[in-house]
Amino acid sequence: MKFDSIFEVVEENDKYIFLYCNIENKSEMLEKYFDYFFDEKVMYQHFNYLYNVPFSPTHENYVKLFYELKKFIDDNNYVVDISSEAIKDIEEILVDENLLAIHNQDFKYRLDKAGKLGEYFFSILLERFFGLHCVIPKTRFTTDYNMSVYGIDVIYLNEDNELYFGESKFTKNVCNGIVQINKSLQSYEKQILDEYQLVLNAWDSRNNVYKLHELYGEKISCSISFIDFIKAVNIEKIYIPLFITHGTETEKELILKQLSKVNKIKLFDLDTKYIVISLPIIDKDEFIKYMSERINLRMNDYGKY
């Protein structure tokens, strides 16, 4: 299936591959991906998620887009301590992805911006291809340009007001992404519980996640946990979209085989539906370098307005 003229979408059951139509031409792919995902109208609609206002080339709007673009630039090698339990069984994968260093038996985890790019691409495809509605762009919670956003990566609703809690990985190959996703799914119930308290039902959530409060009113504000909320609004089904932006593999059958290795876990005793998505980009390091350069150029252009 062709989608938005640049993608061949390969679909098999709950698995999707968004394959660039001319994947053999890497330089063309890089250019088209930037033009597609960082189109001003696309960006404006995503970050202006509460309002159906078309993009207009005003100074104010360029300033807003400038600051959103800045969140994708990885200009600092920012590291934090991390527990051995949090990375148990995936240490080698994180080292391979240049995300983990070990010093004197202490683990240092590097917070890079590749993940944030992946989350943004994920969001755009959920909106444009799957027709989902953004509950809140998670970059709204970025208070430090060197930090990644914690918690559930994306939160969406479909036309039937069913909830989607999504996980995104940006890796050198699809196998690394699957290993990290399976590790994350082991604690996904807790992540959703935390997300409900810290974001969906926080003190100022009426402003940030207006759509949910408009739908559920006091049933969300008076539910102390996500489990209470499930019971209050009679939720029977939950969707878990999983997204891997990855290098290396471009062969459809090989990617589909790897995507089948996701360990699908039933959450909160609900009917749990999974959507597993691959976005091949051939070479992770080259991709990040190209996107960073183009983002810098775009920011320089916006700075002239």
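Side chains are part of it too, since the values below use all heavy atoms of this structure and drop only hydrogens, waters and symmetry mates.
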Legend entry - Interatomic spacing from CD in Glu189 to CD1 in Ile227 - rounded to 0.5 Å: 7.0 Å

Legend entry - ring-ring contact (aromatic ring centres under 6.0 Å, His included) between Tyr44 and Phe55, intermediate numbers included: CA-CA 6 Å; Tyr44 188 81; Phe55 172 76; 5.4 Å; yes

Review item, side-chain donor-acceptor pairs of residues 258-268, under 3.5 Å, at least two apart:
{"residue": "Ser260", "atom": "OG", "partner": "Leu256", "partner atom": "O", "Å": "3.0"}
{"residue": "Lys264", "atom": "NZ", "partner": "Asp14", "partner atom": "OD1", "Å": "3.4"}
{"residue": "Lys264", "atom": "NZ", "partner": "Asp14", "partner atom": "OD2", "Å": "2.4"}

Inset, instruction - Name all residues meeting the side chain to side chain contact (heavy atoms under 4.5 Å, CB included) criterion together with Glu31; count only those two or more places apart in sequence or in a different chain, and write none if there are none. - result: Asp35, Tyr290, Arg294

Legend entry - Gap separating the CD atom of Glu214 from the CD1 atom of Ile220, nearest 0.5 angstrom: 12.5 Å

Inset, instruction - Answer yes or no: is there a donor N or O on one side and an acceptor on the other, between the side chain of Asn13 and the main chain of Lys15, under 3.5 Å? - result: no

Inset, instruction - Report yes or no: do Leu254 and Val10 belong to one cluster of Ile/Leu/Val/Met/Phe/Trp/Tyr joined by side chain heavy-atom distances under 4.5 Å? - result: no

Legend entry - Residue pair Asn201, Ser223: steps toward the side-chain hydrogen bond (donor to acceptor under 3.5 Å, both in side chains) verdict: CA-CA 8 Å; Asn201 199 18; Ser223 296; over 6 Å; no

Inset, instruction - Hey, could you give me the CG/SG distance between Asn48 and Cys134, rounded to the nearest 0.5 Å? - result: 11.0 Å

Legend entry - Nearest-0.5 Å distance that lies between atom CG in Asp194 and atom NZ in Lys190: 3.5 Å

Inset, instruction - Report the residue from Phe226, Tyr156, Tyr188, Tyr196 that forms a ring pair (Phe, Tyr, Trp, His ring centres under 6.0 Å) with Phe165. - result: Phe226

Inset, instruction - Rounded to the nearest 0.5 Å, what's the gap from CG on Leu19 to OG on Ser278? Could you check? - result: 8.0 Å

Legend entry - Side-chain donor/acceptor of Ser225 to backbone N/O of Asp228, under 3.5 Å: yes

Inset, instruction - Not counting sequence neighbours, which residues clear side chain to side chain contact (heavy atoms under 4.5 Å, CB included) with Asn158? List them please. - result: Leu132, Asp160, Glu162, Tyr164, Tyr239

Legend entry - Atom pair CG (Leu279) and CZ (Phe122), whose distance is rounded to the nearest 0.5 Å: 11.5 Å

Legend entry - Short side-chain to backbone donor-acceptor contact, Lys284 and Phe170, under 3.5 Å: yes

Legend entry - Lys/Arg-Asp/Glu bridge criterion (N-O < 4.0 Å) met for Lys257, Glu253: no

Legend entry - Phe3 atom CZ, neighbour heavy-atom count above 12 within 6.0 Å: yes

Legend entry - Side-chain (Asp153) to main-chain (Ser168) donor-acceptor, under 3.5 angstrom: yes

Inset, instruction - Kindly say whether Pro57 contributes a backbone atom to a donor-acceptor pair with the side chain of Asn61 at under 3.5 angstrom? - result: no

Inset, instruction - Using the ring-ring contact (aromatic ring centres under 6.0 Å, His included) rule, take Phe121 and Phe18 through it: C-alpha gap first, then chi angles, then the decisive distance, then the call. - result: CA-CA 11 Å; Phe121 295 163; Phe18 285 80; over 10 Å; no

